[in-house]
2 protein chains.
Amino acid sequence: MKTLTSKLKAIDFRPTGLVEKLSEAMTEAILEGIFKEGDQLTELDLQKQFSISRSPIRESFRVLEKRGLVEVIPRKGTFVKRISPRDIEEHFPVRSVLEGLAAKQAYANMSPAPLEAMERALARMKTAAENEDTKNYWKQHILFHEIFIDACGNQLLINLLKTLRMQIMWYRLSYQYYKEDFKSSYRTHEKIMGLFKSKNTDPDRLEAIVRTHIEEAVGKFLGYLDEQEKLKASTK
Amino acid sequence: MKTLTSKLKAIDFRPTGLVEKLSEAMTEAILEGIFKEGDQLTELDLQKQFSISRSPIRESFRVLEKRGLVEVIPRKGTFVKRISPRDIEEHFPVRSVLEGLAAKQAYANMSPAPLEAMERALARMKTAAENEDTKNYWKQHILFHEIFIDACGNQLLINLLKTLRMQIMWYRLSYQYYKEDFKSSYRTHEKIMGLFKSKNTDPDRLEAIVRTHIEEAVGKFLGYLDEQEKLKASTK
DNA sequence: CGCCACGTGATTGTCGACAATATTTAATCG
DNA sequence: CGATTAAATATTGTCGACAATCACGTGGCG
């Protein structure tokens, strides 16, 4: 487990709202890969790093647990959650139905602002695809989805998806450079954009297309995972 | 906020696993309506009731928060979550797509045991409907759904649905006596059962029917809520 | 050599006390 | 009398200490 010296200094640790600040700091640390999967987050270590007592640390663990980033095992400790191929397989179908629903609900109460934001994101996806800028393509891709999710207006749905997407995002840390089939991906999003813009789109069709788009991602993701594993094995 | 004397005595409070025990006790207390919505759960009160220190209490709050039963507001306190009509409206679409997916996945890897369990539950639903035993009809209805949810094999999906269903169940405390249209409800479940049993069911059709069944419940539920509100207003 | 008992260090679990913040009540002024 | 401020009370936030449990290594025994 690496230290968090850089983050530590950036944060004001006057003793109020320690749990909030600490939760944010640790969330970032996990998302950025400073805390690696399987790592035990020992209270004493964090206590030393942040010079705070264990009470807020323990509470922060529960907050991170809610976000699905760590696993609190009573009388054993708190560990950064590992993601197995099985988790991936379980994740995508769930997320696909939820994002499908979000798309449908977003279409139902769509307003100009998010629509324009999506178009801008889509334009940047196009540019990134042409330049084969994988990292940026991903960033815009994520943004595109986030916009219509936020626009769906269903707070429960928004929160669920935020959590789910964050969980997988963290694993994507290294994933941001994986080679997406830009052309195919872009065409799909172009089609989705078209459906959002049109006045007489069948909401169920929009939902189905978004859902399928995400369901199909599971294969690519698992393939990538496999590749990484082999890479790891060969360098040993 | 009522006291928990009865529960208190039933629980062994030797200081190990206090958080687990306390979380369970408080979960039940909320589900059973001992803690009412909007109630502030003050640490001192619970401390006195259970004769334990505040540390495990505070951690338990975070556990309950994860289950969606309370709301932790920093520097204000912890409150039993209120459920608004809007929450209901947001809840049902989400749950419907998830249970639809669960049904589809359950059908894909269905085995005899859960199938039989569902048939038994369905049979008891029939009896309860004939006797107009609302409470028992509800119980069996819930069980019926739980069986195929558990059978879907997707642990993420199972956990999400368990949480969602629990949140609404708590509000159902009084709801167990609301008058369901037994005949219509029973017929739907008979149809679902038939689709689960058949070897050549279209999984998407099964999914759609389950989804629709739940989507339609939102109206009844809101109507019930409204009725309760009026009742409350009139008795004042 | 393998395996179990046991002790030792590491880690989590709980506690009571004090500090900081929020809420209520009381007092003051216009 | 109402509004504003100030004191008091209630409640949450954090801390350091001690207790219980777990993980690991060591030594004895078959």
Requested in this report: Just jot down the side-chain hydrogen bond (donor to acceptor under 3.5 Å, both in side chains) partners of B/R58, sequence neighbours excluded, or say none.
Outcome: A/E59, B/E43
Query raised in the report: If only side-chain N and O atoms of B/Q47 are considered, is one of them under 4.0 Å from the OP1 or OP2 phosphate oxygen of C/dG16?
Result: no
Report summary line: With the side chain defined as heavy atoms from C-beta on, A/R54 is closest, among D/dA17, D/dC15, C/dC15, to D/dA17
Requested in this report: To the nearest Å, give me how far apart CD (A/E59) and P (D/dG13) are.
Outcome: 7 Å
Query raised in the report: Roughly how many Å is it from CZ in B/F79 to C1' in C/dA22, rounded to a whole number?
Result: 11 Å
Query raised in the report: Is A/E28 salt-bridged to A/K21, going by a charged N under 4.0 Å from an acidic O?
Result: no
Report task. For A/R86, enumerate each residue passing the side-chain hydrogen bond (donor to acceptor under 3.5 Å, both in side chains) test, keeping only those at least two apart in sequence or located in another chain. Result -> A/E90
Query raised in the report: Just how far, in rounded Å, is P of C/dA19 from CG of A/L18?
Result: 16 Å
Report task. With DNA chain C as reference, determine whether A/G77 or A/S55 sits nearer its 5' end, using the nearest nucleotide of each. Result -> A/G77
Query - Atom-pair distance (CD on B/E43; C1' on C/dT14), nearest Å - result: 15 Å
Query raised in the report: Rounded to whole angstroms, how far apart are CD1 on B/I57 and P on D/dT11?
Result: 13 Å
Might you list the N or O atoms of the protein lying below 3.5 Å from N or O atoms in nucleotides 23-25 of chain D, with each pair's distance?
| unit_1 | atom_1 | unit_2 | atom_2 | d |
| --- | --- | --- | --- | --- |
| D/dA23 | OP1 | A/K76 | NZ | 3.1 |

Requested in this report: Ignoring backbone atoms, test whether A/S53 places a side-chain nitrogen or oxygen under 4.0 Å from the OP1 or OP2 oxygen of D/dC15.
Outcome: yes
Let me check something: any side-chain donor-acceptor pairs from residues 144-152 of chain B under 3.5 Å, sequence neighbours excluded? List them with distances.
| unit_1 | atom_1 | unit_2 | atom_2 | d |
| --- | --- | --- | --- | --- |
| B/H145 | ND1 | B/E99 | OE1 | 2.7 |
| B/H145 | NE2 | B/H141 | NE2 | 3.3 |
| B/H145 | NE2 | B/H189 | NE2 | 3.1 |
| B/H145 | NE2 | B/H213 | NE2 | 3.4 |

Report task. Spell out, as yes or no, whether a donor-acceptor pair under 3.5 Å connects the side chain of A/R165 to the backbone of A/I142. Result -> yes
Report task. Nearest whole angstrom, please: distance from the C1' of C/dT12 to the CG of A/L41. Result -> 13 Å
Query raised in the report: Can you name the residues that form a side-chain hydrogen bond (donor to acceptor under 3.5 Å, both in side chains) with B/E215, not counting sequence neighbours?
Result: B/R211
Requested in this report: Could I get the full list of side-chain hydrogen bond (donor to acceptor under 3.5 Å, both in side chains) partners for B/R124, not counting sequence neighbours?
Outcome: B/Q140
Query raised in the report: Once you round it to whole Å, what is the distance between C1' of D/dC18 and CD1 of B/I52?
Result: 18 Å
Query raised in the report: B/Q40 side chain: which of C/dT11, C/dT14, D/dT12 is closest?
Result: D/dT12
Report task. Could you tell me the separation between the NZ atom of A/K21 and the C1' atom of D/dG13, rounded to a whole number of Å? Result -> 12 Å
Query raised in the report: Are OP1 or OP2 of D/dG13 and a side-chain N or O of B/R58 less than 4.0 angstrom apart?
Result: yes
